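A short write-up of the structure that comes next.
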Amino acid sequence: MSKKVIDLFGNKVVSNTGVKYSKLLEKFMTPFTNEFMNMEYMEDILEFSINAWNMANINIIMPNDDIEKNRGSVLQEDRESMDLLKKMMSHKEENYKVYTNFIVDFELKETKAGEEPILSVITQEEEAYLSKMVNVIEDDIMHSQENLEENYIDRSAIVIKPLQPFINWHDNLYPDSKIEQSEVNDVNIYLIDNGIVDLEKFLKKKYDVFFTRVLNDWHTNKKEWPQKRNYKMFNLWFQVNVSNYILDLEKRPILKSE
């Protein structure tokens, strides 16, 4: 089963009675089928379409010509995606204006082999949705005020932790000085550009930079490093976590070694 939850939308939901919003959503998406070619997964297409549906609802209630300032959870798409978003919003406003529920969740249920998955959605009524949005905005403002003295660092952090295959490799080289659990938890952290959108694509290009840095930390003889390293091996040897929000709580400035 493949499931995607759209954030921000609270706990009060309503069951769809009468009109089926899943069918409406499918019909709403149909004219744009050929324009989804650059989206690899159906979940991405559905999420994009639901964003367009919900943003059109907001635009009907609070008209705003500057869509890019009112995009909600839509990420920094390229111009082609933004143009598609605007077209879908206009389509919704012109042809589905009477359907005012917001779509807050969807699920694709797998069926028999060769058959299309079944789409189901959960909606939220306009009043409850907008009320939750106001609460979220207020919470964000309060949180921002509470953190005025915190310094945001415009980097993302990659945390790399050795897994058992790496530990086995090291312990075979140093049978009398095996890696302790406390040493495994002393992970390496690397700051990278926080503008990277496709992290997996980035890692596929840069994995050996991280691989060799960790190897060198534990064993400096490069001749004894694994020679046929690849991205699959990297994923087997290391656990990789990413943080996109880094704050410096100290007042003294950060120093970088030359």
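Since we're looking at a predicted model, the values are computed, not measured.
Grouping the Ile, Leu, Val, Met, Phe, Trp and Tyr side chains by contacts below 4.5 angstrom, directly or via other members, places Leu236 with Leu203. Under the 4.5 Å side-chain heavy-atom criterion for ILVMFWY residues, no single connected hydrophobic cluster contains both Met29 and Ile118. Note on Val214: it does not cluster hydrophobically with Ile189, by side-chain heavy-atom contacts below 4.5 Å among ILVMFWY residues. Tracing side-chain contacts under 4.5 Å through hydrophobic residues (I, L, V, M, F, W, Y), one reaches Ile196 starting from Tyr190; they form part of the same cluster. In the hydrophobic clustering of this structure, Val187 does not group with Val240; members are Ile, Leu, Val, Met, Phe, Trp, Tyr whose side-chain heavy atoms approach within less than 4.5 Å, directly or through other members.
The shortest side-chain heavy-atom distance between Asp193 and Phe202 does not fall under the 4.5 Å cut-off. Using a 4.5 Å cut-off on side-chain heavy atoms (C-beta onward), Met55 and Asn59 make no contact. Put simply, the side chain of Glu35 does not reach to within 4.5 Å of the side chain of Met88, judged on heavy atoms. Side-chain contact between Tyr96 and Lys27 is present, with heavy atoms from C-beta onward closer than 4.5 Å. Taking 4.5 Å as the limit, some side-chain heavy atom of Trp218 sits within range of a side-chain heavy atom of Glu183. Side-chain contact between Ile58 and Tyr129 is present, with at least one heavy-atom pair separated by less than 4.5 Å. For the pair Val242/Ile192, no side-chain contact is recorded, criterion being any heavy-atom separation below 4.5 Å from C-beta on. Between Lys161 and Asn185 the shortest side-chain heavy-atom distance falls below 4.5 Å.
Of the possible donor and acceptor atoms, one in the side chain of Tyr21 sits under 3.5 Å from a partner among the backbone N and O of Asn101. Under a 3.5 Å cut-off, the side chain of Asp154 and the backbone N or O of Asn194 do not form any donor-acceptor pair.
To the nearest 0.5 Å, atom CG of residue Leu199 and atom NZ of residue Lys204 are 11.5 Å apart. Put simply, OH on Tyr245 and CD1 on Ile153 are 11.0 Å apart, with the number rounded to the nearest 0.5 Å. Considering OG1 of Thr123 and NZ of Lys20, their distance stands at 13.5 Å, rounded to 0.5 Å. With rounding to the nearest 0.5 Å, the separation of CD in Glu224 from CG in Leu215 is 11.5 Å. In this structure, Gln124 CD and Asp105 CG are separated by 11.0 Å, a value rounded to the nearest 0.5 Å. From Thr212, atom OG1 reaches atom CG of Asp217 across 9.5 Å, with rounding to the nearest 0.5 Å.
Residues Phe36 and Ser49 come closest through the heavy atom pair CZ-OG, 3.6 Å. Listed here is the closest heavy atom pair of Lys222 and Gln227: O-NE2, 3.2 Å. In plain terms, the two heavy atoms of Asp198 and Lys201 that are nearest each other are OD1-N, 3.1 Å. Across Ser120 and Lys109, no two heavy atoms sit closer than the pair OG-CE, 4.2 Å. Across all their heavy atoms, Ser156 and Ile246 have their closest contact at C-CD1, 3.8 Å. Shown here for Ser81 and Phe48, the closest heavy-atom pair between the two residues is O-CZ, 3.4 Å.
Between His219 and Tyr174, the two ring planes are perpendicular [angle over 60°; tilted spans 30° to 60°]. Taking the six-membered ring for Trp and thresholds of 30 and 60 degrees, His91 and Phe32 have ring planes more than 60 degrees apart, a perpendicular arrangement. In this pair, Phe210 and Phe234 present their aromatic rings tilted. The plane angle is within the 30 to 60° band.
For OH of Tyr99, the number of neighbouring non-hydrogen atoms (other residues, nucleotides, ligands) closer than 6.0 Å is 12 at most. More than 12 heavy atoms of other residues, nucleotides or ligands shown are found within 6.0 angstrom of CE on Met39. Within 6.0 Å of atom CD in Glu127, 12 or fewer heavy atoms from other residues, nucleotides or ligands are found, so the atom counts as exposed in its surroundings.
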field: Steps toward side-chain contact (heavy atoms from CB on, under 4.5 Å) verdict (Leu25, Leu46)
entry: CA-CA 9 Å; Leu25 180 60; Leu46 286 166; 4.0 Å; yes
message: Quick one, Ile45 with Met42, criterion side-chain contact (heavy atoms from CB on, under 4.5 Å). Give me CA distance, side-chain angles, the key distance, then yes/no.
response: CA-CA 5 Å; Ile45 295 173; Met42 177 55 69; 4.3 Å; yes
message: Quick one, Glu200 with Tyr231, criterion side-chain contact (heavy atoms from CB on, under 4.5 Å). Give me CA distance, side-chain angles, the key distance, then yes/no.
response: CA-CA 10 Å; Glu200 185 174 9; Tyr231 184 61; 3.5 Å; yes
- request: Start with the C-alpha distance between Glu126 and Asn57, add both sets of side-chain angles, then the distance that settles side-chain contact (heavy atoms from CB on, under 4.5 Å), and finish with yes or no.
  value: CA-CA 9 Å; Glu126 180 182 299; Asn57 278 354; over 6 Å; no
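Between the side chains of Gln164 and Asn168, a donor-acceptor pair is found at a separation under 3.5 Å.
Taking the six-membered ring for Trp and the full ring otherwise, Trp225 and Phe211 have centroids separated by 6.0 Å or more.
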